[in-house]
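Worksheet: one structure, shown below.
Lettering of chains follows the sequences in order, A, B, ..., and the numbering in each one begins at 1.
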There are 2 protein chains.
Amino acid sequence: MEQSEHHFLNESTVEDVARTFKALADPTRVKILYLLSQEECSVGHIADVLNMTQSAVSHQLSFLKNLRLVKSRRQGKSLFYSYDDEHVIGVLKQVIDHSLHD
Amino acid sequence: MEQSEHHFLNESTVEDVARTFKALADPTRVKILYLLSQEECSVGHIADVLNMTQSAVSHQLSFLKNLRLVKSRRQGKSLFYSYDDEHVIGVLKQVIDHSLHD
DNA sequence: TCAACATATGAGCATGTGTTCATATAATAA
DNA sequence: TTATTATATGAACACATGCTCATATGTTGA
């Protein structure tokens, strides 16, 4: 037991992993990302569907965009957001499925 | 676009999912869970390996135990912790791998 | 029983987080 | 240009979080 070989992660990897999970660690962001996993949405549409203020949604989208988990596309006056990290969406769906099936 | 069918998650599912991700959303807990994914450890051993105080480790283990992500077993004066949720460990490893390979 | 060791726990503190509110920026139409 | 609509942004605030410190609890061996 005292001679076992550990595999260690370097600090930047640990922080990157924690940062990724932090993006998914809030109910609002879970709802937003799950919505975006189904369709591209404007900010206003997200606010309507999730019953949130425009500002709160915009702040969270800005947060997610900084992490490159979502991207945006302008169409007229609106900005349409969509997910930009398939792996993270996959992990989200996996944990949702697990939560639903037990 | 305006007629599309969304699939919605109920609030308790969303909160459960966010709570799970929150467990993984801190560098210290990532390190602890990754260590436990490799071997059962006493509290003191974790503190030594991660260069943390005994108290800080114990608080985090208590947090993880409340979420049933780890379990403990007493052996003499020591408590040995091990992971108790294979799915969450799998998700952790998956995100670690993804972080390492890009 | 008592000392030594291992872990748990509560209070306190500094920092982080998610929201609201007011306002700024940007695109469109008249 | 100006009014309208859509979104972004900064400040402020309440609350959550992760740590330290002191101390409590629990186990073992003398």
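- Backbone-only engagement by B:K22 is indicated by non-hydrogen atom pairs under 4.0 Å involving sugar-phosphate atoms exclusively.
- The existence of a salt bridge linking A:E40 and A:K71 is excluded, since no basic side-chain nitrogen approaches an acidic carboxylate oxygen closer than 4.0 Å.
- Each of A:H59 and A:K77 was matched to the nucleotide of DNA chain D holding its nearest heavy atom; the match closer to the 5' end belongs to A:K77.
- Residue A:S62 has its side chain nearest to D:dT9 when only C:dA6, D:dT20, D:dT9 are considered.
- For the pair B:L50 CG and D:dC19 C1', the interatomic distance rounds to 15 Å; values are reported in whole Å.
- Within the 4.0 angstrom heavy-atom criterion, base atoms lie near A:S55.
- Among the protein residues, B:S58 comes within range of the nucleic acid bases, having at least one heavy atom under 4.0 Å from a base atom.
- Of the two residues contacting DNA chain C, namely A:G76 and A:F63, the nearest-nucleotide position lying further toward the 5' end is that of A:F63.
- Among the nucleotides D:dC19, D:dA8, C:dT19, the one closest to any side-chain atom of A:T28 is C:dT19.
- Side-chain proximity of A:S42 to C:dT17, D:dA6, D:dT7: nearest is D:dT7.
- For the pair B:R74 and C:dA6, the criterion of a side-chain N or O lying under 4.0 Å from OP1 or OP2 is not met.
- The pair A:K31-B:E11 counts as a salt bridge, with a side-chain nitrogen and a carboxylate oxygen less than 4.0 angstrom apart.
- Between the CD atom of A:Q54 and the C1' atom of C:dC21 there is a distance of 12 Å, rounded to whole Å.
- Distances from the side chain of A:Q60 to the nucleotides D:dA8, C:dT19, C:dT7 place C:dT19 closest.
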